2 protein chains.
Amino acid sequence: MARWQAGAQDQLEQAALALFLEQGFAETTVPQIAARAGLTTRTFFRHFTDKREVLFAGDEAVPTSVQQLMAQTPPEVRPVPLILTQLGPFAETVFGDRRDMLRRRHQIISTDQGLRERELQKMATLRASIVDGFVQRGTDKLTASLVADLAVVVLSTALAQWLDSVGPMPLSTAVAEVLAAFRRLASEVELQAGP
Amino acid sequence: MARWQAGAQDQLEQAALALFLEQGFAETTVPQIAARAGLTTRTFFRHFTDKREVLFAGDEAVPTSVQQLMAQTPPEVRPVPLILTQLGPFAETVFGDRRDMLRRRHQIISTDQGLRERELQKMATLRASIVDGFVQRGTDKLTASLVADLAVVVLSTALAQWLDSVGPMPLSTAVAEVLAAFRRLASEVELQAGP
DNA sequence: AGTTTAATGGCACGTCATGTCATCACAGTG
DNA sequence: CACTGTGATGACATGACGTGCCATTAAACT
């Protein structure tokens with residue numbers, strides 16, 4: 001019996017996903033996941049810091065991807081235009097080709113408050129990496145913060161619309177639509193002059 | 001020995017806050033909190049769903065306050081102007097008079113990832129109640145979502161600036177400043193026309 | 001073949017959180 | 001004053017989560 005089955009982490013992920021879908025997240029125990037993957041509980045916690053994290057494995061790549069993209073963009077591109085032009089392509093490359101998987105995951109996450117909290121945390125991590133990218137480009141912190149928030153809001157909203165849509169809609173289209181809606185709101189923000 | 005000390009919940013809150021500041025959140029156990037409050041562990045979990053929640057007690061009032069404010073505002077006021085005009089006063093009444101307490105709490109929250117996650121969850125709850133308020137006013141869901149996000153982003157940023165500031169700065173001033181910064185960015189969003 | 005490295009197994013342990021039942025304080029009633 | 005009902009608390013058992021520690025084994029390296 002081979003002890004080191006290739007891809008223990010993958011095994012655990014698949015086992016966990018299957019069990020979560022079958023019997024729910026809260027009703028699934030870590031020993032159950034480990035047993036289905038042919039491993040032990042202790043090994044599970046070596047690959048994932050906690051039971052929730054197994055649903056977010058691979059998301060470490062997202063901040064890295066953000067850093068690369070922002071470093072590649074010419075320094076003279078200002079923050080808002082950078083987001084407006086890069087967010088669509090970025091979303092498409094990172095999430096565009098796995099709508100089904102993201103749908104299954106979202107279905108599970110929506111059933112558990114702890115998982116929703118973790119998802120918010122992941123978005124906050126993404127936001128932080130965007131802020132960091134802007135600061136490294138010389139943007140002041142307040143602007144970096146607000147533009148990163150803008151990016152995360154638009155991305156989240158577009159992802160929700162995309163996952164909720166039925167036809168073969170491209171994610172970049174959803175991003176464009178949300179950006180258009182945001183543009184309309186932005187004009188109202190301007191008109192309302194402050195005292 | 002009186003068994004029903006008045007205000008068991010308050011006792012637990014104060015004991016928890018003190019212990020968290022003394023030895024940290026993770027290093028404090030629920031039995032310790034209960035013991036200092038003169039109660040048992042089981043009683044702690046009757047008043048708070050989990051160990052983190054003790055730091056967020058009283059925040060249930062915030063969504064209620066949002067509902068009231070949005071219901072009182074005349075129906076003809078459009079979403080964006082509503083936020084622009086009401087957010088400052090709202091923040092002032094809800095948070096304005098307890099900067100010190102919020103500072104202590106923030107100091108604790110910043111040390112623990114689980115607490116940060118819970119704080120994000122609370123902001124998401126606030127966001128949801130704003131969305132609900134807009135939908136009840138007849139706003140379409142996408143607009144309601146985006147404007148609620150705008151409100152939460154501005155509020156969070158302003159709160160951060162306010163808690164970080166040294167002098168006797170009013171929270172409404174911080175909100176106004178963040179709104180001004182956002183207005184500048186909004187103009188850039190408009191200029192950048194989509195394809 | 002021997003050595004080193006890294007992943008895993010196995011066990012103990014503390015904490016968190018919940019279900020269950022007994023117990024006690026207090027209010028109301030006669 | 002005695003009786004009763006309601007609600008908060010105490011006390012105990014239980015299960016799951018997550019971590020520290022060390023032995024074990026596979027695979028790579030020499």
Side-chain angles (χ1 to χ4, degrees), chain A residues 1-58 60 108-109 111-119 121-122, chain B residues 1-20 22-57 108-109 111-119 121:
Chain A
M1 182 164 65
R3 185 165 179 177
W4 285 4
Q5 305 269 7
Q9 185 146 335
D10 285 345
Q11 299 269 86
L12 288 166
E13 277 182 47
Q14 291 178 21
L17 196 68
L19 285 169
F20 293 164
L21 285 172
E22 287 173 18
Q23 31 175 287
F25 175 80
E27 292 71 25
T28 302
T29 73
V30 176
Q32 280 176 12
I33 301 170
R36 178 174 290 209
L39 297 168
T40 55
T41 302
R42 192 65 187 86
T43 298
F44 177 92
F45 285 110
R46 283 201 185 87
H47 288 277
F48 308 98
T49 59
D50 57 63
K51 185 178 155 191
R52 282 171 276 168
E53 198 64 14
V54 68
L55 276 173
F56 300 91
E60 322 85 42
I108 299 171
I109 291 176
T111 65
D112 185 88
Q113 159 150 354
L115 287 174
R116 288 195 296 270
E117 288 189 16
R118 179 57 54 84
E119 192 176 37
Q121 163 70 27
K122 292 299 179 182
Chain B
M1 182 164 63
R3 186 166 178 175
W4 286 1
Q5 305 267 9
Q9 185 146 333
D10 285 346
Q11 299 269 86
L12 287 166
E13 276 183 48
Q14 291 178 22
L17 196 69
L19 285 169
F20 293 163
E22 287 174 17
Q23 31 175 290
F25 175 80
E27 292 72 26
T28 302
T29 72
V30 175
Q32 279 175 13
I33 301 170
R36 178 174 290 209
L39 298 167
T40 55
T41 301
R42 192 65 186 86
T43 298
F44 177 91
F45 285 109
R46 284 201 184 90
H47 288 277
F48 307 99
T49 60
D50 57 64
K51 185 179 154 191
R52 282 172 276 168
E53 198 64 15
V54 68
L55 276 173
F56 299 92
I108 299 171
I109 291 176
T111 65
D112 184 89
Q113 157 150 356
L115 288 174
R116 288 194 297 270
E117 290 190 15
R118 179 57 53 85
E119 193 176 37
Q121 163 71 28

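Small disclaimer: the values here were computed from a predicted structure and weren't measured. Sequence lines set the chain letters: A, B, ... in the order given, protein chains first and strands last, and positions in each chain run from 1.
Leu39(A) and Ala8(A) get closest at one heavy-atom pair: CD1-CB, 3.8 Å. The two atoms that bring Leu12(B) and Ala37(B) nearest to each other are CD2-CB, 3.6 Å, heavy atoms only. Glu60(A) and Phe56(A) get closest at one heavy-atom pair: OE2-O, 3.9 Å.
Phosphate proximity of dA7(C) to Thr43(A): absent, as no side-chain N or O sits under 4.0 Å from OP1 or OP2. Considering only side-chain N and O atoms, Thr40(B) lies nowhere under 4.0 angstrom from the phosphate OP1 or OP2 of dA11(D). Contact check, His47(B) against dA8(D): no side-chain N or O comes under 4.0 Å of OP1 or OP2.
In this entry the distance linking CG of Asp112(A) with C1' of dC17(D) reads 14 Å, nearest Å. The CG-P distance, from Leu39(B) to dA11(D), rounds to 11 Å in whole Å. Whole-Å rounding puts the Gln11(A) CD to dG9(C) P distance at 12 Å.
The base of dG18(D) does not come close enough to the side chain of Arg46(A) for any donor and acceptor atom to sit less than 3.5 Å apart.
Using a 3.5 Å distance cut-off with no hydrogens or angles, the side chains of Glu117(A) and Gln121(A) do not pair a donor with an acceptor.
Phe48(B) meets the ring-ring contact (aromatic ring centres under 6.0 Å, His included) test with Phe44(B); sequence neighbours excluded. Remark: Thr40(B) pairs with Arg42(B), Thr43(B) by the side-chain contact (heavy atoms from CB on, under 4.5 Å) rule, at least two apart or across chains.
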Give each protein N/O atom lying under 3.5 Å from an N/O atom of nucleotides 15-18 of chain C, with the pair distance.
residue	atom	partner	partner atom	Å
dC16(C)	OP1	Lys51(B)	NZ	3.0
dC16(C)	OP2	Val30(B)	N	3.2
dA17(C)	OP2	Lys51(B)	N	3.0
dT18(C)	OP2	Thr49(B)	O	3.4

